[in-house]
Number of protein chains: 2
Amino acid sequence: MATADPARPGFALPLLLLAGFRTLIDDLHTELAREGHPELRPLHGFVLQAVGADGTTATELGQRLGISKQAAGKTVDRLVAVGYLERVDDPSDARRRLIRVTPRGADGLRRSAEIFDRLRAQWADTLGPERVTALEDDLRAMASANWFRLDVPGWFGG
Amino acid sequence: MATADPARPGFALPLLLLAGFRTLIDDLHTELAREGHPELRPLHGFVLQAVGADGTTATELGQRLGISKQAAGKTVDRLVAVGYLERVDDPSDARRRLIRVTPRGADGLRRSAEIFDRLRAQWADTLGPERVTALEDDLRAMASANWFRLDVPGWFGG
DNA sequence: TAAGATAGTCAACGTGGTTGACGAAATAGT
DNA sequence: ACTATTTCGTCAACCACGTTGACTATCTTA
């Protein structure tokens, strides 16, 4: 195991952030699979979240996620294929195809949120609530506004 | 921009960890490109690090990175093509092809470490050194031993 | 009404993964 | 010493997720 060189302290920080993220995401999907959503991949929760309760279009989804409309369309294809999203024609504009979260998609989203809440509670049990809050505050202060930018192949993979 | 629902506090944590990681990695590669390494992709630094000063083989590299030997071999191909790694025959075992970091690879690795150190120093300037240390300690306590496991398509993409 | 902008899709491609199959070379067992 | 097994590297096919460019159909605007 190639650990970070202690003489180069900077290396640990990105690795720890990645490891923390991965731990959370891995735990989420282990639990999600157990709760009946084994097809949901790490990316999908973010996409469902970005589609939102009101639905959206492929172009707008791409903008929200910071990816091309083509990439957004392909991801929607996959989520439609597994039943988490649906496409419906927009009666007011024949070019547009509205993307909507299905009941199954909403169930996955709700469970994801609940599981994340439980995982955060676990962190609070181990570290203490104030340290989890401090961690979030510090990251909020340092992390740029990359929140929902997924313009990178496979950030969430699995 | 779809921000996390405040009623679901758990959602913010993974997003913040990802955003923090991405910020660091993006800053690293912006600076690396400026210093003469525009071909270095996010994944590559981790791979160079995993190859190490003594060199390794594709199979062992795959084990270190938690990916298949085939995937490791393909990544090595790319790094060989851009001059960061080289392959040499192992005189003691004709099946093996030793993978070694080239001088250019070593330069990239050294610069990455320096840049990460500077970025960590920036975090310390903003948050205070003790909060950066606390953040690392907390993450060390929570993150499982996923350190160098990259068994996910494109975690570092770009 | 003609011209331009916008929505969605198709195709080709790049990167980073996977599994299965295979030949060549090393090692172990008798 | 010879056979059987394991190991190393590679090839091929495939998948997930991204890109750009080109194109049609439709809506909007001048």
Side-chain angles (χ1 to χ4, degrees), chain A residues 18 22 25 29 38-47 50 55-82 84-99 148-158, chain B residues 18 22 25 29 39-48 50 55-82 84-99 148-158:
Chain A
L18 177 62
R22 281 219 46 177
I25 294 293
H29 285 90
E39 323 88 329
L40 227 36
R41 310 213 341 92
L43 175 64
H44 295 163
F46 292 82
V47 174
T56 185
T57 64
T59 296
E60 194 187 328
L61 180 61
Q63 285 165 352
R64 288 185 191 175
L65 297 175
I67 59 178
S68 65
K69 61 183 179 176
Q70 296 94 324
K74 279 198 275 189
T75 299
V76 169
D77 288 343
R78 288 175 206 119
L79 280 164
V80 168
V82 290
Y84 287 84
L85 291 176
E86 62 182 355
R87 273 193 249 247
V88 298
D89 290 333
D90 182 340
S92 74
D93 187 339
R95 294 170 306 177
R96 305 176 82 205
R97 308 214 58 200
L98 264 304
I99 297 159
F148 262 87
R149 301 214 68 223
L150 309 181
D151 56 342
V152 162
W155 273 107
F156 302 96
Chain B
L18 177 61
R22 281 221 44 179
I25 294 293
H29 285 90
E39 323 89 329
L40 229 35
R41 310 215 338 94
L43 175 66
H44 295 164
F46 292 83
V47 175
L48 291 177
T56 184
T57 64
T59 296
E60 192 188 329
L61 181 61
Q63 286 166 352
R64 288 186 191 173
L65 297 175
I67 60 178
S68 65
K69 60 183 181 176
Q70 296 94 325
K74 279 199 278 188
T75 300
V76 170
D77 288 343
R78 290 178 203 117
L79 280 165
V80 168
V82 290
Y84 288 83
L85 291 177
E86 61 181 357
R87 274 195 248 248
V88 299
D89 290 333
D90 182 340
S92 74
D93 186 337
R95 292 170 307 177
R96 306 176 83 206
R97 307 213 60 201
L98 263 306
I99 296 159
F148 261 88
R149 300 214 68 224
L150 309 181
D151 56 343
V152 162
W155 273 108
F156 302 95

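First the proteins, then the strands, lettered A, B, ... as listed; each starts at 1.
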### Task
State, with a plain yes or no, whether a side-chain heavy atom of V80(B) is found less than 4.5 Å away from one of E86(B).
no

### Message
In this structure, how many angstroms lie between the P atom of dG16(C) and the CG atom of L40(B), rounded?
### Response
11 Å

### Task
Kindly write out the residues that satisfy side-chain contact (heavy atoms from CB on, under 4.5 Å) with D89(B), not counting sequence neighbours, or none if the list is empty.
R97(B)

### Message
Whether the side chain of H29(B) engages the backbone of I25(B) through a donor-acceptor N/O pair (distance < 3.5 Å, no angle test) should be reported.
### Response
yes

### Task
Enter the distance from L61(B):CG to I67(B):CD1 here, rounded to the nearest 0.5 Å.
6.0 Å

### Query
Quick one: does R87(A)'s side chain have a donor or acceptor within less than 3.5 Å of a partner on L98(A)'s backbone?
no

### Task
Determine the minimum heavy-atom distance between I99(A) and A58(A), stating which atoms define it.
CD1-N, 3.4 Å

### Query
CZ of R41(B) versus C1' of dT19(D): gap in Å, rounded?
11 Å

### Query
So do R78(A) and Y84(A) actually touch side chain to side chain, heavy atoms under 4.5 Å?
no

### Separation of atom CG in L61(B) from atom C1' in dG16(C), rounded to whole Å
14 Å

### Message
Restricting to non-hydrogen atoms, name the atom on L85(B) and the atom on L48(B) that form the minimum distance, rounded to 0.1 Å.
### Response
CD2-CD2, 3.6 Å

### Rounded distance in Å - CG (D90(A)) to P (dA25(D))
19 Å

#### Entry: For atom CG of D89(A) and atom P of dT9(C), their distance in whole Å
10 Å

Using a cutoff of under 3.5 Å, can you pull out all pairs of nitrogen or oxygen atoms linking the protein to nucleotides 2-8 of chain D, with atom names and distances?
{"unit_1": "dT7(D)", "atom_1": "O2", "unit_2": "R95(B)", "atom_2": "NH1", "d": "2.7"}

### Query
Within this structure, what is the CG-to-P distance between L98(A) and dT6(C), rounded to whole angstrom?
18 Å

### Task
Round to a whole Å and report the spacing from CG of L65(B) to P of dG17(C).
8 Å

### Task
Tell me which residues in residues 70-81 of chain B put a heavy atom below 4.0 Å from DNA chain D, sorted by number, or none.
Q70(B), K74(B)

